[in-house]
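For reference, the structure is listed below as structure tokens.
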Amino acid sequence: MDQWATVLFSDESRFSLNADSRRTFTWREPGTRYLSSNVREIDHYGGGDLMVWAGIMLDGRTPLHVFERDTVTGVRYRDEI
């Protein structure tokens, strides 16, 4: 038990606010392409993504860290976590 008390399990996940392929597929009847029910506004330049990181250990857990911009490097991990 003493050895497990010194172990930290951590994980990170990236969440994208846009689809990765940036493509939307719509099935519709022939001749209905421009009906208002088949048209929707898409923001091609907004969205973005974020990364979250957290850890658990035998007697607790770390706070959830959220990285909202740019790339997460080793230096950024060190500075922000």
Side-chain angles (χ1 to χ4, degrees):
M1 255 334 195
D2 292 336
Q3 290 177 342
W4 282 112
T6 62
V7 176
L8 170 69
F9 294 96
S10 66
D11 196 16
E12 63 186 34
S13 294
R14 182 174 297 274
F15 297 94
S16 178
L17 303 178
N18 291 324
D20 290 339
S21 68
R22 300 178 71 82
R23 295 176 67 183
T24 302
F25 297 95
T26 304
W27 293 97
R28 56 186 171 249
E29 295 292 324
T32 63
R33 181 176 189 170
Y34 296 108
L35 289 178
S36 61
S37 60
N38 291 334
V39 177
R40 73 182 167 145
E41 188 175 333
I42 298 174
D43 181 4
H44 288 287
Y45 301 102
D49 57 6
L50 56 90
M51 181 179 286
V52 296
W53 179 94
I56 59 171
M57 54 205 134
L58 187 61
D59 292 325
R61 63 179 182 227
T62 68
L64 181 66
H65 294 275
V66 179
F67 300 95
E68 295 182 19
R69 61 191 191 291
D70 302 326
T71 302
V72 180
T73 63
V75 172
R76 189 162 179 207
Y77 267 119
R78 181 197 66 208
D79 293 346
E80 294 188 29
I81 297 177

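- To the nearest 0.5 Å, the span separating CG on Leu58 from CD on Gln3 amounts to 12.5 Å.
- Note on Leu50: it clusters hydrophobically with Leu64, by side-chain heavy-atom contacts below 4.5 Å among ILVMFWY residues.
- With a 4.5 Å cut-off between side-chain heavy atoms of Ile, Leu, Val, Met, Phe, Trp and Tyr, the cluster of Met57 takes in Leu8.
- Applying the side-chain hydrogen bond (donor to acceptor under 3.5 Å, both in side chains) rule to Ser36 yields no partners; only residues at least two apart in sequence or on another chain are considered.
- For Phe9, the side-chain contact (heavy atoms from CB on, under 4.5 Å) partners two or more places apart in sequence, or in a different chain, are Trp4, Val7, Ile56.
- Distance alone, capped at 3.5 Å, places no donor-acceptor pair between the Ser10 side chain and the Gly55 backbone.
- Not counting sequence neighbours, Arg78 has no partner by the side-chain hydrogen bond (donor to acceptor under 3.5 Å, both in side chains) test.
- Arg28 pairs by the salt bridge (Lys or Arg N to Asp or Glu O under 4.0 Å) definition with nothing, not counting sequence neighbours.
- With side-chain heavy atoms closer than 4.5 Å counting as contact, directly or through intermediates, Leu35 stands alone and belongs to no larger hydrophobic cluster.
- The CH2 atom of Trp53 sits 12.0 Å away from atom CD of Glu80, with the distance rounded to the nearest 0.5 Å.
- Note that CZ of Arg76 and CE of Met51 are 9.0 Å apart. Values are rounded to the nearest 0.5 Å.
- The salt bridge (Lys or Arg N to Asp or Glu O under 4.0 Å) check on Arg61 picks up nothing, with sequence neighbours excluded.
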